[in-house]
Asker: 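Pasting a structure below so you can have a look.
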Amino acid sequence: MSPSTSPRLLAEKEVARHCTQDSCWVLLGTRVYDVTSFLRMHPGGEALLLQRSGKDVSPEMEGAPHRHSENARRWMEQYYIGELDGDSGTDEAVRERRKAGALTDRGTGDERTGEHATEEDENADYNRCSPVDLDKDLVDWRKPLAWQVGHLGEKYDAWVHQPVDRPIRLFGNPLMEAGTKTSWYWVPVVWLPVVFYFSWYCYTSLAKGTTRLNLASGVSVPIHKYCFPLLFLLGWFLWSFIEYCIHRFVFHMKPPAHNYYLIMIHFLLHGQHHKSPFDGSRLVFPPGLASLVVGSFYVILCRTLPEILGTSVFVGGLCGYVVYDMIHYYLHYGSPKRGSYMYGLKAYHVKHHFEHQRAGFGITSKFWDHPFNTVIPNEKY
């Protein structure tokens with residue numbers, strides 16, 4: 001809703017009627033939000049929002065179990081549809097909601113005096129609690145973004161970590177654009193047959209009893225077929241470390257503000273995912289591009305270890321990668337049961353997107369965040 005447009009006034013009874021999966025509205029003070037499209041994406045699950053539909057969610061935004069970040073509040077503004085009609089409820093209730101709304105504005109740094117806002121800083125165009133303004137945003141969303149982001153310079157890091165709920169077009173060329181998008185199911189369709197084939201190949205090769213590992217000159221030990229599960233798990237464990245390192249040191253590198261090309265590369269690799277975290281077509285890695293990385297690791301392992309051993313470790317790592325991509329997609333679009341492992345992991349990953357972009361790099365688990373001291377801290381109230 002444009003700032004110059006008079007807000008739509010909605011009766012409290014009308015807001016209360018929108019309490020289903022097909023139409024879910026909530027209040028934040030006297031502001032009304034249609035969060036229907038956000039139900040599936042909500043970190044706490046659909047049920048949590050539906051329980052509060054038609055009601056004021058100010059207490060939940062401010063306190064336990066999760067104080068919402070400034071980015072989360074900014075994100076919510078994309079669903080703003082109007083104001084609660086002051087004549088639709090008791091004066092006391094409306095005053096309480098206005099008070100809650102004022103507290104929320106102060107929490108997001110939007111303090112106002114009378115009718116006018118305080119002076120905003122030089123980054124005001126993208127540091128506001130509002131949807132994408134096609135005319136005032138730092139990039140032109142009507143054009144491909146890949147060639148624009150490099151010009152943002154020092155403003156790129158702040159801009160890319162303020163997420164929006166809209167699709168991104170990276171390239172003008174339809175073929176190049178299509179190459180950056182992948183439906184989630186293509187990952188298991190392409191890679192699981194490879195995992196099954198190499199698993200069978202490695203197990204049957206080890207079963208012949210001819211594979212030996214040379215420890216020193218004239219000293220070698222036989223590798224039994226029952227060692228395959230251990231080698232497979234070793235590969236999976238190795239992948240978990242690679243996953244952490246790639247996410248932290250490659251995807252979350254901070255490109256120099258003066259380097260146009262590094263900023264563009266960062267945006268193509270991972271920045272676009274943080275800018276639009278619920279773009280379902282870019283939550284998994286395209287198999288064509290992934291094959292270059294997968295092939296490199298295969299060559300490295302097979303030159304480091306005997307061919308069968310290297311392949312056994314590789315196939316475990318490849319299986320770990322498939323699970324990683326599937327879990328990553330589920331963390332963005334799934335609705336895990338409250339209290340489950342996946343529920344905690346989803347909340348952890350959403351905190352990484354909205355509040356702690358320099359921590360919480362583990363996707364399938366938090367294991368490597370502990371030794372590297374990048375665990376997202378528990379909230380205190």
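Count residues from 1 along the sequence.
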Asker: What's the verdict on ring pair (Phe, Tyr, Trp, His ring centres under 6.0 Å) for Phe314 and Phe297, showing C-alpha distance, side-chain angles and the deciding distance?
Answerer: CA-CA 7 Å; Phe314 163 78; Phe297 281 115; 8.7 Å; no
Asker: Determine whether His161 and His353 satisfy the following criterion, ring pair (Phe, Tyr, Trp, His ring centres under 6.0 Å), listing intermediate values before the conclusion.
Answerer: CA-CA 8 Å; His161 287 127; His353 271 280; 9.1 Å; no
Asker: Between Asp279 and Arg282 (salt bridge meaning N to carboxylate O under 4.0 Å), is one present in this structure?
Answerer: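 Yes, Asp279 and Arg282 are salt-bridged.
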Asker: Decide whether His151 and Tyr156 meet the rule of one side-chain donor and one side-chain acceptor closer than 3.5 Å.
Answerer: no
Asker: So which pairs with a foot in residues 255-264 pass side chain to side chain donor-acceptor pair (under 3.5 Å), sequence neighbours left out?
Answerer: none
Asker: Tell me whether Tyr333 contacts the main-chain N or O of Phe278 through its side chain, where contact means a donor paired with an acceptor under 3.5 Å.
Answerer: yes
Asker: Does a side-chain heavy-atom distance below 4.5 Å link Tyr203 with Trp200?
Answerer: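 Tyr203 does not reach Trp200 side chain to side chain.
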Asker: So, Glu243 side chain and Thr364 main chain: donor-acceptor pair closer than 3.5 Å or not?
Answerer: yes
Asker: Determine yes or no for a side-chain-to-main-chain donor-acceptor pair under 3.5 angstrom, with Ser312 supplying the side chain and Phe228 the backbone.
Answerer: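 Side chain of Ser312 to backbone of Phe228, a donor-acceptor pair under 3.5 Å: no, none is there.
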Asker: Is the backbone N or O of Leu170 less than 3.5 Å from a side-chain atom of Gln272, with the two atoms forming a donor-acceptor pair by type?
Answerer: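 No, Gln272 side chain to Leu170 backbone: no donor-acceptor pair under 3.5 Å.
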Asker: Just by distance, with hydrogens left out, do His328 and His247 show a side-chain donor and acceptor under 3.5 Å apart?
Answerer: no
Asker: Would you say Thr20's side chain and Ser23's backbone share a donor-acceptor pair under 3.5 angstrom?
Answerer: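 The answer is yes, because a donor-acceptor pair under 3.5 Å joins these two groups.
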Asker: So is Lys346 actually on top of Tyr330's ring, under 6.0 Å and inside 45° of the axis?
Answerer: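 That pair does not qualify as a cation-pi contact.
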Asker: Sub-3.5 Å donor-acceptor pair from the side chain of Glu307 to the main-chain atoms of Cys302, do we have one?
Answerer: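 Answer holds: no.
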Asker: Under the 3.5 angstrom rule, does the side chain of Lys225 hit a backbone N or O of Gly209 as a donor-acceptor pair?
Answerer: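 Judged by distance alone, no pair lies under 3.5 Å.
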Asker: Decide whether Phe249 and Leu269 are clustered together by the hydrophobic rule: side chain heavy atoms of Ile, Leu, Val, Met, Phe, Trp, Tyr closer than 4.5 Å, transitively.
Answerer: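 No, Phe249 and Leu269 fall in different hydrophobic clusters.
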Asker: Hey, is the main chain of Trp25 close enough, under 3.5 Å, to the side chain of Asp34 for a donor-acceptor pair?
Answerer: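 Not confirmed, Asp34 side chain does not pair with Trp25 backbone.
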Asker: Decide side-chain hydrogen bond (donor to acceptor under 3.5 Å, both in side chains) for Asp325 and Trp191; before the verdict, give the C-alpha distance in whole Å, the side-chain angles of both, and the deciding distance to 0.1 Å.
Answerer: CA-CA 11 Å; Asp325 249 354; Trp191 295 117; over 6 Å; no
Asker: Ile242, Leu305: one ILVMFWY side-chain cluster at the under-4.5 Å cut-off?
Answerer: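 Same cluster.
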Asker: For residues Phe361 and Met342: do they belong to one hydrophobic cluster (side chain heavy atoms under 4.5 Å, members Ile, Leu, Val, Met, Phe, Trp, Tyr)?
Answerer: no
Asker: Find the distance between NE2 (His270) and CD1 (Ile246) and round it off to the nearest 0.5 Å.
Answerer: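 His270 NE2 to Ile246 CD1: 11.5 Å, rounded to 0.5 Å.
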Asker: Do any N or O atoms from the side chain of Arg358 and from the backbone of Thr374 form a donor-acceptor pair under 3.5 angstrom?
Answerer: no
Asker: Calculate, to the nearest 0.5 Å, the distance between atoms CG and CG belonging to Leu145 and Asp140 respectively.
Answerer: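 CG of Asp140 is found 8.5 Å from CG of Leu145.
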Asker: If you group Ile, Leu, Val, Met, Phe, Trp and Tyr by side-chain heavy-atom gaps below 4.5 Å, do Ile300 and Phe241 land in one group?
Answerer: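 The answer is no; the residues belong to distinct hydrophobic clusters.
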Asker: According to a 4.5 Å side-chain heavy-atom criterion applied to Ile, Leu, Val, Met, Phe, Trp and Tyr, with indirect links allowed, do Phe251 and Ile376 form part of one hydrophobic cluster?
Answerer: no
Asker: In terms of heavy-atom contacts, does OH of Tyr341 have more than 12 from other residues, nucleotides or ligands at under 6.0 Å?
Answerer: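 Above 12, so yes.
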Asker: Does a salt bridge link Arg8 with Glu14, judged by any charged N lying under 4.0 Å from a carboxylate O?
Answerer: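 A salt bridge links Arg8 with Glu14.
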Asker: Are His352 and His252 close enough that a side-chain donor and a side-chain acceptor fall under 3.5 Å?
Answerer: yes
Asker: So that I know where these two stand, are Phe237 and Trp368 an aromatic pair - ring centroids less than 6.0 Å apart?
Answerer: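 Centroid distance Phe237-Trp368: below 6.0 Å, so yes.
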Asker: Mind checking the OG1-CD1 spacing from Thr204 to Ile308? Nearest 0.5 Å is all I need.
Answerer: 7.5 Å
Asker: When you measure from the side chain of Ser365 to the backbone N and O of Phe367, does any donor-acceptor pair fall under 3.5 Å?
Answerer: yes
